[in-house]
Amino acid sequence: MKILEVKNLVKTYGSLRAVDKVSFDIEKGEIFGLLGPNGAGKTTLISSIITLEKFQEGDIFVCGKSVQRNASLIKSFIGFMPQDIIVHGYFTVKEIVKFYSGFCGVWPNLDRIDYLLKKFDLWDKKDKKVRYLSGGMKRRLLIVKALVHSPKLLLLDEPTAGVDIQLRNSIWEFIKDIKKECSILFTTHYLEEAENLCDRVAFINKGKIQQMGPTLDLISQLTTRRVLIKYTKNIEIKNQYYKGKSKDNYESFSLPYSFTVGNLLKELNLKQEYIEDLKVKEGSLEDIFKSVVNVKKK
Ligand SMILES: Nc1ncnc2c1ncn2[C@@H]1O[C@H](COP(=O)(O)OP(=O)(O)OP(=O)(O)O)[C@@H](O)[C@H]1O
Ligand SMILES: [Mg+2]
């Protein structure tokens with residue numbers, strides 16, 4: 001079942017096409033990463049899904065309902081954590097969460113509120129005014145708000161920006177955990193994080209999707225595996241995948257994923273005593289990110 005369908009979406013600001021004919025779907029229980037440089041259009045896309053921005057062309061469906069025609073129903077389907085921290089200074093943590101349930105069209109479920117405040121380490125702060133929380137605590141509160149009405153789709157816009165390692169780890173654990181309850185669309189500039197968490201990713205640049213697919217498939221299709229071998233003696237290397245010597249005297253090979261390290265060693269026909277050291281560096285989303293951004297700069 002498709003939880004989110006974005007179809008040929010166009011969002012313009014004056015002459016700028018911030019989102020330019022973007023289409024993608026998210027299935028039930030899927031974690032989908034939206035990746036791209038600053039100004040790529042990620043937040044604009046998320047704001048369009050949550051109905052904060054009106055778009056010019058295309059349509060968006062959440063649980064089969066068009067967001068244009070069912071704005072209040074859509075809010076009850078979606079949990080949203082914005083990129084910017086918004087501080088409601090005069091209210092307490094618990095008051096904010098209760099009000100927010102009402103905003104989403106749901107009667108406050110006090111058991112769930114208590115459960116989430118405890119889960120995200122805000123229980124001790126529940127009666128404190130929000131302005132007295134630290135930056136990381138405010139981020140935790142944003143997550144609690146996003147989850148308070150048990151959404152079917154969770155939109156997290158850079159949930160780990162500027163948080164400490166401990167909170168980042170607990171957000172990762174939480175994202176993996178919550179996958180059983182709802183689908184997740186999240187943006188991040190930490191590509192390793194996307195690699196670990198996302199079932200599928202899309203790279204967006206200048207409003208257009210450049211690459212999209214299952215994370216591991218994209219890595220194996222679009223990147224190479226680097227193999228670095230330090231020889232114990234000088235040997236002339238004739239191999240199609242040979243790229244030259246690295247600064248620290250390793251011979252460098254760049255292999256497509258269809259060609260294994262075993263295949264390479266067989267082709268090189270090296271005696272074991274000629275190998276001092278061997279390192280393998282896997283391709284990554286970072287490699288794809290660089291090629292996506294560079295292609296567009298030409
Ligand atoms: N309200 C607005 N009015 C005019 N232009 C806007 C507005 N909001 C965003 N933009 C422009 O739209 C483009 C996309 O911005 P957006 O915030 O979606 O990028 P992003 O991918 O989320 O970037 P970041 O990684 O920095 O958060 C940018 O060029 C930005 O300047
Ligand atoms: Mg953004």
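We count ligands from 1, going down the list as the structure has it; atoms in each ligand are counted the same way.
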When you measure from [atom] to every protein heavy atom, which one gives the shortest distance, and what is it?
atom                    : answer
atom 27 (O) of ligand 1 : Q83 NE2, 2.9 Å
atom 31 (O) of ligand 1 : L16 CD2, 4.8 Å
atom 16 (P) of ligand 1 : T44 OG1, 3.5 Å
atom 24 (P) of ligand 1 : N38 ND2, 3.6 Å
atom 23 (O) of ligand 1 : G39 N, 2.8 Å
atom 9 (C) of ligand 1  : Y13 CE1, 3.5 Å

In terms of ring plane angle, is the pair F259 and Y241 parallel, tilted or perpendicular, where the classes change at 30° and 60°? tilted
Would E53 and Y13 satisfy side-chain hydrogen bond (donor to acceptor under 3.5 Å, both in side chains), going step by step from the backbone distance to the final call? CA-CA 10 Å; E53 293 281 3; Y13 294 112; 3.1 Å; yes
Is any side-chain N of the basic residue among R112 and E181 closer than 4.0 Å to the acidic one's carboxylate O? yes
Answer yes when K94 and D114 have at least one side-chain N-carboxylate O distance shorter than 4.0 Å, and no when they do not. yes
Against heavy atoms of [X], which atoms of ligand 1 measure under 4.0 Å?
X    : value
T43  : 17 (O), 18 (O), 20 (P), 22 (O), 27 (O)
H189 : 25 (O)
E158 : 25 (O), 27 (O)

Aromatic Y250 / basic K279 pairing, under 6.0 angstrom, 45° off normal: yes
Can K75 be said to sit on top of F77's aromatic six-ring, NZ or CZ under 6.0 Å from centre and within 45° of the ring axis? no
Ignoring angles and geometry beyond distance, decide whether A40 reaches within less than 3.5 Å of ligand 1 through its nitrogen or oxygen atoms. yes
Can you find an N or O of A18 that's nearer than 3.5 Å to an N or O of ligand 1? no
Taking the six-membered ring where the residue is Trp, are the ring centres of F253 and Y242 under 6.0 Å apart? yes
Flag atom 29 (O) of ligand 1 as yes if some protein heavy-atom distance to it falls below 4.0 Å, otherwise no. yes
Could you confirm whether N38 has any N/O/S atom lying under 2.8 Å from the Mg ion (ligand 2)? no
So that I can check it, does any N, O or S atom in T43 come closer than 2.8 Å to the Mg ion (ligand 2)? yes
Pairing donors with acceptors under 3.5 angstrom, does anything connect the side chains of E282 and Y257? yes
At the 4.0 Å heavy-atom cut-off, does G41 count as touching ligand 1? yes
Could you tell me the separation between the NE2 atom of H189 and the CG atom of L35, rounded to the nearest 0.5 Å? 9.5 Å
Provide the closest heavy-atom pair for T224 versus S254 in the form atom of the first, atom of the second, distance. OG1-OG, 2.9 Å
